[in-house]
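Contents: one structure, followed by commentary.
Heavy-atom basis, side chains included; hydrogens, waters and symmetry copies ignored.
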Amino acid sequence: MWKKLDPIFTAIASWIAAASGQPAAFIVALATVIVWAVSGPAFNYSETWQLVINTGTTIVTFLMVFLIQNSQNRDTASMQAKLDELLRAIDGAREQFIGIEHLSAAEVEQIRTDLEREVCNDKTKKTNASVEKLIRRL
């Protein structure tokens, strides 16, 4: 059942993510807040008046978290697939790095540390000055 919902959710999430990133969405949100603020005196700044904006913003925020996470997951997976393809296609690239995104954070950090150490210790290779500068900052 969930497999059938995935393409529907992805389509809806993509559409909402694209729409919410537009200037018009910001203008609608800003206009909503302005209308709410201006209506304050008419409602004597009551608790109900305050509850309307608090509830509305909480619901929108809650739902947007899931939509943003879905979008980020898809972007990350597609970028990882592209990087894996580059590693596979480039002669001399170390293909053992394909799939390391499935390792634990500690394992990935160890690989990163080892790579940095390898670059720093290998005096025979010329390294990019900006990479050396970045490594020194870490």
Side-chain angles (χ1 to χ4, degrees):
M1 176 183 155
W2 297 115
K3 294 270 186 198
K4 292 179 183 178
L5 289 177
D6 190 49
I8 296 168
F9 179 75
T10 298
I12 292 170
S14 296
W15 182 84
I16 293 173
S20 66
Q22 299 299 315
F26 176 77
I27 291 168
V28 168
L30 181 61
T32 301
V33 171
I34 290 170
V35 167
W36 170 81
V38 169
S39 69
F43 293 98
N44 293 323
Y45 301 102
S46 68
E47 288 185 21
T48 303
W49 173 79
Q50 293 176 32
L51 189 60
V52 167
I53 197 72
N54 289 339
T55 303
T57 56
T58 300
I59 290 169
V60 169
T61 302
F62 178 74
L63 295 175
M64 287 302 289
V65 165
F66 295 101
L67 296 175
I68 291 167
Q69 187 63 51
N70 177 270
S71 179
Q72 186 176 6
N73 288 349
R74 285 183 288 110
D75 287 348
T76 301
S78 65
M79 188 182 319
Q80 194 60 54
K82 292 172 187 176
L83 289 171
D84 288 349
E85 173 59 13
L86 287 172
L87 283 173
R88 190 194 62 74
I90 295 174
D91 287 336
R94 293 183 264 185
E95 292 181 359
Q96 70 263 28
F97 291 117
I98 293 175
I100 67 169
E101 68 275 9
H102 301 291
L103 299 176
S104 71
E107 291 169 320
V108 172
E109 185 59 34
Q110 184 60 52
I111 290 170
R112 184 172 169 246
T113 301
D114 293 344
L115 286 170
E116 290 170 353
R117 190 174 298 120
E118 182 180 320
V119 169
C120 289
N121 292 337
D122 192 352
K123 302 293 182 191
T124 62
K125 292 183 182 178
K126 286 189 173 184
T127 58
N128 187 317
S130 62
V131 172
E132 288 180 8
K133 195 183 287 186
L134 175 64
I135 292 171
R136 279 195 298 270
R137 283 194 292 180
L138 300 174

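The closest side-chain heavy-atom distance from Val108 to Glu101 is not below 4.5 Å. By the 4.5 Å heavy-atom criterion applied to side chains, Ile16 and Met64 are counted as neighbours.
Residues passing the side-chain hydrogen bond (donor to acceptor under 3.5 Å, both in side chains) test with Gln72, sequence neighbours excluded: none. Scored by the side-chain hydrogen bond (donor to acceptor under 3.5 Å, both in side chains) test, Asn54 finds no partners at all (sequence neighbours excluded). By the salt bridge (charged side-chain N to carboxylate O under 4.0 Å, His left out) test, Glu109 is found to be paired with Arg112, residues two or more places apart in sequence or in another chain being considered. Taking the side-chain hydrogen bond (donor to acceptor under 3.5 Å, both in side chains) definition, one finds that Gln50 meets it with nothing, sequence neighbours left out. With sequence neighbours excluded, the residues that form a side-chain hydrogen bond (donor to acceptor under 3.5 Å, both in side chains) with Asn73 are Gln69. Residues meeting the salt bridge (charged side-chain N to carboxylate O under 4.0 Å, His left out) test with Glu85, sequence neighbours left out: Arg88. Taking the ring-ring contact (aromatic ring centres under 6.0 Å, His included) definition, one finds that Phe26 meets it with nothing, sequence neighbours left out.
Atom CZ in Phe9 sits 4.5 Å away from atom CG in Asn70 (nearest 0.5 Å). Taking CG of Leu63 as the reference point, atom OG of Ser20 lies at 12.0 Å (rounded to 0.5 Å). Atom CD1 in Ile68 sits 11.5 Å away from atom CG in Asp75 (nearest 0.5 Å).
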_Assess the residue pair Ile111 and Leu103 against the criterion (side chain to side chain contact (heavy atoms under 4.5 Å, CB included)); give the C-alpha distance rounded to whole Å, side-chain angles, the decisive distance to 0.1 Å, and a yes or no._
CA-CA 10 Å; Ile111 290 170; Leu103 299 176; 3.6 Å; yes
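Residues Ala25 and Ala19 share a closest heavy-atom pair of CB-O, 3.4 Å.
If you chain together hydrophobic residues whose side chains sit under 4.5 Å apart, Leu30 and Val38 fall into the same group. The cluster map of Ile, Leu, Val, Met, Phe, Trp and Tyr, joined by side-chain heavy atoms under 4.5 Å apart, puts Tyr45 and Ile53 in the same cluster. By the criterion of side-chain heavy atoms lying less than 4.5 angstrom apart, applied directly or through intervening Ile, Leu, Val, Met, Phe, Trp or Tyr residues, Val60 is not grouped with Leu51; the two fall into different hydrophobic clusters.
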Could you pull out every donor-acceptor pair under 3.5 Å between side chains of residues 90-100 and any protein atom, sequence neighbours left out?
residue	atom	partner	partner atom	Å
Arg94	NH1	Glu118	OE1	3.3
Arg94	NH2	Glu118	OE2	3.2

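Residues in residues 58-67 take part in no side-chain hydrogen bond (donor to acceptor under 3.5 Å, both in side chains) pair, two or more places apart or across chains. Applying the side-chain hydrogen bond (donor to acceptor under 3.5 Å, both in side chains) test to every pair with at least one member in residues 30-44, sequence neighbours left out, gives these pairs: Ser39-Trp49. Applying the side-chain hydrogen bond (donor to acceptor under 3.5 Å, both in side chains) rule to pairs touching residues 3-17 yields Ser14-Arg74, sequence neighbours excluded.
The hydrophobic cluster of Val28 has no other members, since no ILVMFWY side-chain heavy atom comes under 4.5 Å of it.
Within the 3.5 Å criterion, the main-chain N or O of Ser104 finds a donor-acceptor partner in the side chain of Glu107.
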